[in-house]
Amino acid sequence: MAKTKTQFVCSNCGFVSQRYMGRCANCGAWGTFVEEVMQPEKVDRKSRVNLAGQVAKVERLDEVNIEETPRIKTDNEEFNRVLGGGIVPGSMVLIGGDPGIGKSTLLLQISGQLANLGKKILYIAGEESASQIKLRAERLGVRGDSDFLLFPETDMKQIRQAIDEAQPEFVVIDSIQTMQEPDISSSVGSVSQIRETTAELLQIAKTNNITIFIVGHVTKEGAIAGPKILEHMVDTVLYFEGDNQRSFRLLRAVKNRFGSTNELGVFDMQHGGLVEVANPSDLFLEERLADASGSAVVVAMEGTRPILVEVQALVTPTVFGNAQRTASGIDRNRVSLLMAVLEKRANLLLQNQDAYVRAAGGVRLDEPAIDLAVAIAIASSYNDIQTRSTDAFIGEIGLTGEIRRVPNVVERVNEAKKLGFKRVFVPKHVAEQLADIEGIQIITTKTLSEALKTALE
């Protein structure tokens, strides 16, 4: 009897080694190698990218015909925005998130909306029975008719046959880690199984022009479980984020071949399912205290949408030798840099002060335009001087203490005006763009010292 050959595969990046290694030589991860039985190579000459079975040919770039494919819009505008304006037919969308965050709930609601539009849906459940899904659908108000099909199965051969027979326009796979190719002897959820099942689904999507939504589990680090090639193969990767202590959820795109990756969708988890939040600024500012020290409001941009978020800072004398710098929702290195600029350019003695900075509401801010608001909040807490609750701050801070221009300043100021803010601090170099805006006082600042003097007077 021939000896069974095995190999070791990194569960993080898919790197293959003939022997076990504690640290992956490709991605550097520790303890990620899993032993798998080597499979005989199969000749696979089927194209995975041609639409509707077309034969590929070599063409000149200027001779390629471009066909405008209309996007399919659901009733959920937040979901449409994150996808770039709607669902692209024939695409593969991967949605990852923590357990219980609402991935299955979101896709079940979207499936119901598509069925209401006359689209045929095939919901393939690998973790729940049909009765469990029916109970959730009744709670969410999703009606079941001839256009909404359920199929609790994990065998890819059975799934492929069901897709051929039903001819759906949309397929939901919940989840990819439970699917298995029977020809592969590896365990369910292994690197080989995830890679081959995703490749099979990709071929089905591209050759039949079927849109496939895939639910993916995440690791304890927050990345989608399985090989990294899983994210490379799909067209769009969405991350569903949130806090179990809060009801709202954030949907972000980290990869999108058909749109921007900067868009953000905000949802509120209620008993009847996920409800889209049309104005997230009200959600992030509703619990803000009026005239509090250590607080400043920034108008941040999430894709094409301006969002007002409260930045909070607490500065206290340190009791240890080295001062601590702690940040939540904001890059810690950015906070340290801004405190160094405040100490050097604004004469604030912060080297013996502990600083705790956070973006209220659990939102993550990572653009340069938040610099001015963070600096104002730190200086307000350090001097224990209240800031005005009707002030908003927009601007990037340079190492020499100058306030630098930021993009989309007109949209930011209009959003602050719409929410009732009386004053907005902006870089001096963008004053000409704001000349036509009325109803809000625009304060232009050139340096950080000038902004501090005006805001904390």
Side-chain angles (χ1 to χ4, degrees), residues 68-97 101-119 121 123 137 139-143 147-148 169-170 172 211-213 215 235-242 246-286 299-309 361-364 408 410-412 414-419:
E68 292 292 336
T69 303
R71 293 176 182 261
I72 301 172
K73 294 183 178 294
T74 67
D75 295 336
N76 196 316
E77 291 298 329
E78 295 294 298
F79 189 74
N80 295 337
R81 177 186 291 108
V82 176
L83 288 178
I87 303 172
V88 177
S91 61
M92 283 188 67
V93 181
L94 175 63
I95 301 180
I101 205 69
K103 302 183 296 297
S104 300
T105 299
L106 175 64
L107 288 180
L108 192 57
Q109 289 183 254
I110 296 298
S111 299
Q113 294 174 9
L114 291 172
N116 293 337
L117 296 175
K119 308 297 181 180
I121 315 296
Y123 195 103
R139 177 173 58 86
L140 300 177
V142 177
R143 65 181 181 88
D147 292 331
F148 199 141
E169 298 174 77
F170 296 86
V172 177
T211 302
I212 298 181
F213 294 98
V215 175
D235 297 310
T236 304
V237 180
L238 306 180
Y239 274 90
F240 213 30
E241 304 171 355
R246 302 177 184 272
S247 62
F248 67 88
R249 305 287 189 265
L250 304 178
L251 184 66
R252 298 178 184 272
V254 297
K255 174 188 176 182
N256 192 354
R257 289 174 177 160
F258 311 112
S260 173
T261 58
N262 296 321
E263 297 293 349
L264 173 73
V266 184
F267 301 88
D268 188 12
M269 177 64 81
Q270 300 179 3
H271 177 73
L274 289 163
V275 178
E276 55 182 331
V277 179
N279 193 349
S281 299
D282 287 340
L283 178 67
F284 297 137
L285 297 178
E286 63 181 359
V299 189
M301 292 295 296
E302 289 290 347
T304 58
R305 164 192 280 178
I307 297 179
L308 277 77
V309 182
V363 69
R364 186 175 71 246
N408 307 111
V410 176
E411 291 82 357
R412 299 174 195 259
N414 284 328
E415 182 71 10
K417 173 186 173 182
K418 185 175 68 175
L419 291 178

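The first residue of the sequence shown is numbered 1, and numbering continues consecutively from there. This one's a predicted model, so the numbers in the text were calculated from it and none came from an experiment.
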_Going by salt bridge (Lys or Arg N to Asp or Glu O under 4.0 Å), name the pairs with one or both residues in residues 254-275, residues two or more places apart or in two chains._
Asp235-Arg257
*asked:* Would you compute the distance between atom CD of Gln270 and atom OG1 of Thr105 and round it to the nearest 0.5 angstrom?
replied: 12.5 Å
_Approximate separation, where rounding is to 0.5 Å, of Phe240 CZ and Leu250 CG_ = 8.5 Å
*Work out which heavy atom in Ser260 is nearest to a heavy atom in Ala253; give both atom names and the distance.*
O-CB, 4.3 Å
*asked:* Restricting to side-chain contact (heavy atoms from CB on, under 4.5 Å), what partner residues turn up for Val410, sequence neighbours left out?
replied: Asn414, Gln433, Leu434, Ile437
*Would you name the heavy atoms of Ser281 and Pro306 that are closest together and state the gap between them?*
OG-O, 4.1 Å
*With sequence neighbours excluded, what pairs up with Ala416 under the side-chain contact (heavy atoms from CB on, under 4.5 Å) test?*
Val299, Leu308, Ala392, Phe421, Ile440
*Rounded to the nearest 0.5 Å, what separation is found between the CG atom of Leu140 and the CG atom of Leu108?*
5.5 Å
_Spacing of Asn76 atom CG and Phe267 atom CZ [to the nearest 0.5 Å]_ = 4.5 Å
*Which residues satisfy the side-chain hydrogen bond (donor to acceptor under 3.5 Å, both in side chains) test with Thr74, sequence neighbours excluded?*
Asn80
*Check whether any side-chain heavy atom of Leu238 sits under 4.5 Å from a side-chain heavy atom of Leu83, and report yes or no.*
yes
I'd like a table of donor-acceptor pairs (distance under 3.5 Å, sequence neighbours excluded) in which one partner is a side-chain atom from residues 87-94, with atom names and distances.
from  : atom 1 : to    : atom 2 : distance (Å)
Ser91 : OG     : Val88 : O      : 2.7

*Does Arg81 reach the main-chain N or O of Gly265 with its side chain, forming a donor-acceptor pair under 3.5 Å?*
no
*Of all residues at least two apart in sequence or in a different chain, which pass the salt bridge (Lys or Arg N to Asp or Glu O under 4.0 Å) check with Arg305?*
Glu78
*By salt bridge (Lys or Arg N to Asp or Glu O under 4.0 Å), which residues pair with Glu302, not counting sequence neighbours?*
Arg252
_Heavy-atom pair of closest approach, residues Lys103 and Val215_ = CE-CG1, 3.6 Å
*Contact summary for Val82 and Leu251, nearest pair of heavy atoms*: CG2-O, 3.5 Å
*By side-chain hydrogen bond (donor to acceptor under 3.5 Å, both in side chains), which residues pair with Ser111, not counting sequence neighbours?*
none
*Please list, chain by chain and in numerical order, all residues satisfying side-chain contact (heavy atoms from CB on, under 4.5 Å) with Met269, sequence neighbours excluded.*
Arg249, Leu274
*asked:* Just to verify, what does Asn279 make a side-chain hydrogen bond (donor to acceptor under 3.5 Å, both in side chains) with, not counting sequence neighbours?
replied: Asp282
_I'd like to check Ile110 versus Phe170 (side-chain heavy atoms, cut-off strictly below 4.5 Å). Are they in contact?_
no
*Quick one: pull up CG in Leu419 and CG in Leu285 and give me the separation to the nearest 0.5 Å.*
7.0 Å
*Residues which pass salt bridge (Lys or Arg N to Asp or Glu O under 4.0 Å) with Arg71, listed by chain and number, not counting sequence neighbours*: none
*Out of curiosity, Phe213 CZ to Thr236 OG1, how far, rounded to the nearest 0.5 Å?*
9.0 Å
*asked:* According to side-chain hydrogen bond (donor to acceptor under 3.5 Å, both in side chains), who are the partners of Lys418, at least two apart in sequence or on a separate chain?
replied: Glu415
_Shortest non-hydrogen separation from Ala278 to Pro280 and the atoms involved_ = O-CD, 3.5 Å
